[in-house]
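Heavy atoms only: backbone and side chains are in, while hydrogens, waters and symmetry mates are out.
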Amino acid sequence: MPADIPAAQIEDGIIPATGTVTDDSGQLFGELLVWVSGGRLSALEFSWYGDTAPTELPDPGLVTVTVQ
């Protein structure tokens, strides 16, 4: 990240929002969590429900974001 871009004023950890992921048929598939460290994105976690791990991130149209 370029030094002239200020860090976000947010506590380290998971941001207070969740991206609920559904599959093409509308069934609950998993969730996306965004992790921050030092005001910068540190990780994007995709947890899924089921036995088979996804091989790519979900289509953005299948994600519904809820802010807590």
Worksheet item: Within the distance-only criterion (no hydrogens, no angle test), does the side chain of D12 pair as donor or acceptor with the backbone N or O of G38 below 3.5 angstrom?
Response: yes
Worksheet entry | Partners passing side-chain contact (heavy atoms from CB on, under 4.5 Å) against Q9 (at least two apart in sequence or in another chain) |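 So Q9 forms no side-chain contact (heavy atoms from CB on, under 4.5 Å) with any residue.
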Fill in: Whichever hydrophobic residues join L33 through chains of side-chain contacts under 4.5 Å
I14, W35
Worksheet item: Looking at S25 and D23, what are the two nearest heavy atoms and their distance?
Response: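 Scanning both residues completely, I find the closest heavy atoms to be OG-OD1, 2.8 Å.
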Worksheet item: Between L41 and A43, which heavy-atom pair has the shortest distance, and what is it?
Response: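 In terms of heavy atoms, the two residues are closest at CD1-O, 3.6 Å.
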Name the atoms and distances for all side-chain donor-acceptor pairs under 3.5 Å in residues 50-68, with sequence neighbours left out.
residue, atom, partner, partner atom, Å
D59, OD1, G61, N, 2.6
Q68, OE1, A17, N, 3.2
Q68, NE2, T18, OG1, 3.0

Worksheet item: Should F29 and T22 be marked as a side chain to side chain contact (heavy atoms under 4.5 Å, CB included) after you check the CA-CA gap, both sets of side-chain angles, and the distance that decides it?
Response: CA-CA 5 Å; F29 183 76; T22 56; 5.6 Å; no
Fill in: CD-CZ distance between E31 and F46, expressed to the nearest 0.5 angstrom
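Answer for the CD-CZ pair, E31 versus F46, is 10.0 Å.
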Discussion item. Counting C-beta onward and ignoring hydrogens, is there a side-chain heavy-atom pair between I10 and P16 closer than 4.5 Å?
Written reply: yes
